[in-house]
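Protein chains get the first letters and strands the later ones, always in sequence-line order, with residue 1 at the start of each.
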Amino acid sequence: MSVDVIKTDAVIIGAGPVGLFAVFELGLLDVKAHVIDILDRPGGQCAELYPEKPIYDIPALPVVTGQELTDQLMEQIAPFGAELHFNERVESIQRTEDGFRLETDAGTPFECKVIVIAAGGGSFTPKRPPLPGIEDYENTSVFYSVRKMDAFRDRDVLIVGGGDSALDWTLNLQPVAKSLTLLHRRSEFRAAPASVQKMMDLVDSGNISFKLGQVATLHGDNGRLTGVTVKGPDGTTFEQPTEVMLPFFGLTMKLGPVANWGLNLEENLIPVDTEKFETSEKGIFAIGDINTYPGKLKLILSGFHEAALMAQAAHRIIYPDKKLIFQYTTSSSNLQKKLGVK
Amino acid sequence: MARITFIQPDGTENTVEAEPGMTVMEAAVKNSVRGIAAECGGACSCATCHVYVEDDWRQATGEPEAMEEDMLDFAFDVRPESRLSCQIKVTSELDGLRVRIPEKQF
């Protein structure tokens, strides 16, 4: 079965503040955009790393949290109706006769004229505990996410961690698994109190077990885990047999597939010019934290500026015959119409 | 001015000078000390600036606050002497501080 190709003017990779603002700047110039992000919500680092932390250097906003900034940007770009695709990561980019074809890890194909990489520090990926040999067990016995609960049916499952992901999957997998053990380094949890209570109830009723400690060594062979050695809080160790381990230690940023797209890179950053913020490939732009140029500052406000200049260049590619007249949103009835205020 | 020594897992040491008021993480990043990733830039949100404070200095650096202790759940091989270096403020009392960098921040 072939999947319908999504055709658009621009694909923006990354729904952080800079990717979102790119929707706005492109939209003012009649460039339609789709946005793709690996996270399940907009905001990028502002959503994942510091939703509640105040930011003090956004012009005209003396103080704003990462979440507030994201919410305000979503409101600001609403008139342009850009579609946002979450939980997907762009895996491949191919040049076509009149633009590009992209495909995500979920297999969604896109065709567009320009690509805007606003991927910040790269894509958020689950942290891999630095245990020797863990890669040999990944996707056979060690999993960082749950795609199908049925994969854990009637198996001995060990969940490691004390955050919401660890607690949520403990509660969800308990009815499915043969046995479930939750392992955490301390008896406090940074998770929703209701989930913690439910987990404790399951411990009390003997449906799961909770153990204190940290995984020190993995045991098994041929990609099949048989157990782990756990270091307890008092420094003593014990053996915990298990077939499956799910470690939940949060997310980290990795450059990811960007490295495979044939772009020039400098220390995991994409060099761009400072007129158009175009990469070594014509039609592919890079804005925000992921780019580099002489004097680059990794500030949200720099990314906003880069988005505005990028949009001018993107417009020239999409409308080669149209002369672009510079206009202000304060006075242009044409722009105000696009913003839905006139 | 306070001197801070970062000890790599292989035993090599970097001693850097830090201004009071900055954090131990900032002192490491400013001096390109290996092994301090500090992905979130000091917001206590990522646990990639994890260090082990040497015993003699644990009293001077103090205990982690609740938010930092929560964040340490996302670090690996956490020990009683674990701290997130973005949460240790440099003071003149910390002149001579010694911290160990874990094998990997993840």
Side-chain angles (χ1 to χ4, degrees), chain A residues 44-55 57 65-66 120-122 124-132 134 144 160-167 183-191 212-217 230-231 233-235 247-254 267 289 298-300, chain B residues 8-10 21-23 25-26 28-55 58 63-87 89 100-106:
Chain A
Q45 290 181 47
C46 284
E48 179 59 34
L49 289 178
Y50 39 84
E52 283 147 34
K53 300 266 157 69
I55 308 169
D57 61 353
T65 66
F124 279 100
T125 48
K127 282 184 184 170
R128 166 200 269 177
L131 291 161
I134 191 165
Y144 302 106
V160 189
D164 281 307
S165 298
L167 270 289
L183 179 71
H184 183 41
R185 70 177 185 96
R186 58 188 183 131
S187 47
E188 287 88 48
F189 298 85
R190 46 166 290 153
L212 279 173
Q214 301 179 77
V215 177
T217 326
V230 178
K231 198 166 98 180
D234 57 356
F248 292 110
F249 287 92
L251 303 175
T252 183
M253 286 176 284
K254 295 262 187 270
E267 292 179 23
D289 283 2
K298 283 192 184 189
L299 293 175
I300 293 171
Chain B
Q8 296 290 339
D10 66 5
M22 69 197 298
T23 67
M25 177 279 281
E26 287 169 333
V29 169
K30 198 174 159 210
N31 292 282
S32 309
V33 173
R34 268 183 300 129
I36 300 287
E39 270 181 7
C40 76
C44 196
S45 312
C46 72
T48 61
C49 65
H50 179 201
V51 294
Y52 303 120
V53 175
E54 288 222 323
D55 280 349
R58 281 182 61 192
E63 294 293 317
E65 288 183 20
M67 178 174 72
E68 182 185 345
E69 191 67 63
D70 277 354
M71 210 56 229
L72 278 166
D73 283 351
F74 286 169
F76 186 75
D77 194 7
V78 179
R79 304 173 193 168
E81 65 271 29
S82 286
R83 290 293 309 268
L84 295 179
S85 56
C86 73
Q87 300 301 307
K89 272 263 191 297
R100 292 183 174 274
I101 292 172
E103 286 282 344
K104 266 194 174 172
Q105 296 285 357
F106 268 96

**Asked** Between A:Lys127 and chain B, which part of the residue has a heavy atom less than 4.5 Å away: side chain, backbone, both or neither?
**Response** both

**Contact leader toward chain B among A:Ala216, A:Gly162, A:Gly250, A:Ala166, where contacts are heavy-atom pairs under 4.5 Å** = A:Gly250

**Prompt:** Pick from A:Arg185, A:Arg190, A:Met253: which one has the most heavy-atom pairs with chain B under 4.5 Å?
**Reply:** A:Arg185

**Asked** Can you name the residues of residues 77-87 of chain B that have some heavy atom under 4.5 Å away from a heavy atom in chain A?
**Response** B:Asp77, B:Val78

**Item:** For A:Phe248 against B:Phe74, the heavy-atom pair lying closest together
**Value:** O-CE2, 4.0 Å

**Prompt:** Side chain, backbone, both or neither: which part of B:Glu103 has a heavy atom under 4.5 Å from chain A?
**Reply:** neither

**Request:** Before accepting this row, confirm whether a basic side-chain N of the pair A:Lys254/B:Glu39 lies closer than 4.0 Å to the acidic partner's carboxylate O.
**Result:** no

**Asked** Closest approach of B:Phe76 and A:Val215, non-hydrogen atoms and distance?
**Response** CZ-O, 3.8 Å

**Message:** So, using ring pair (Phe, Tyr, Trp, His ring centres under 6.0 Å) as the criterion, who are the partners of A:Phe189 when residues are at least two apart?
**Reply:** A:His184, A:Phe210

**Prompt:** Which bit of B:Ala47 is near chain A, if near means a heavy-atom gap under 4.5 Å: side chain, backbone, both or neither?
**Reply:** both

**Interface moiety of A:Lys298 toward chain B, non-hydrogen atoms closer than 4.5 Å** = neither

**Complete:** With chain A, the option among B:Leu72, B:Asp70, B:Thr48 that has the most non-hydrogen atom pairs under 4.5 Å is B:Asp70

**Asked** Heavy-atom distance under 4.5 Å to chain B: side chain of A:Gln214, backbone, both or neither?
**Response** side chain

**Item:** Per-residue contact mode, A:Arg128 against chain B (heavy atom under 4.5 angstrom)
**Value:** backbone

**Item:** Contact leader toward chain B among A:Glu48, A:Gln45, A:Lys53, where contacts are heavy-atom pairs under 4.5 Å
**Value:** A:Lys53

**Request:** Compare every heavy atom of A:Leu49 with every heavy atom of B:Cys46, then report the nearest pair and how far apart it is.
**Result:** CB-CD2, 4.1 Å

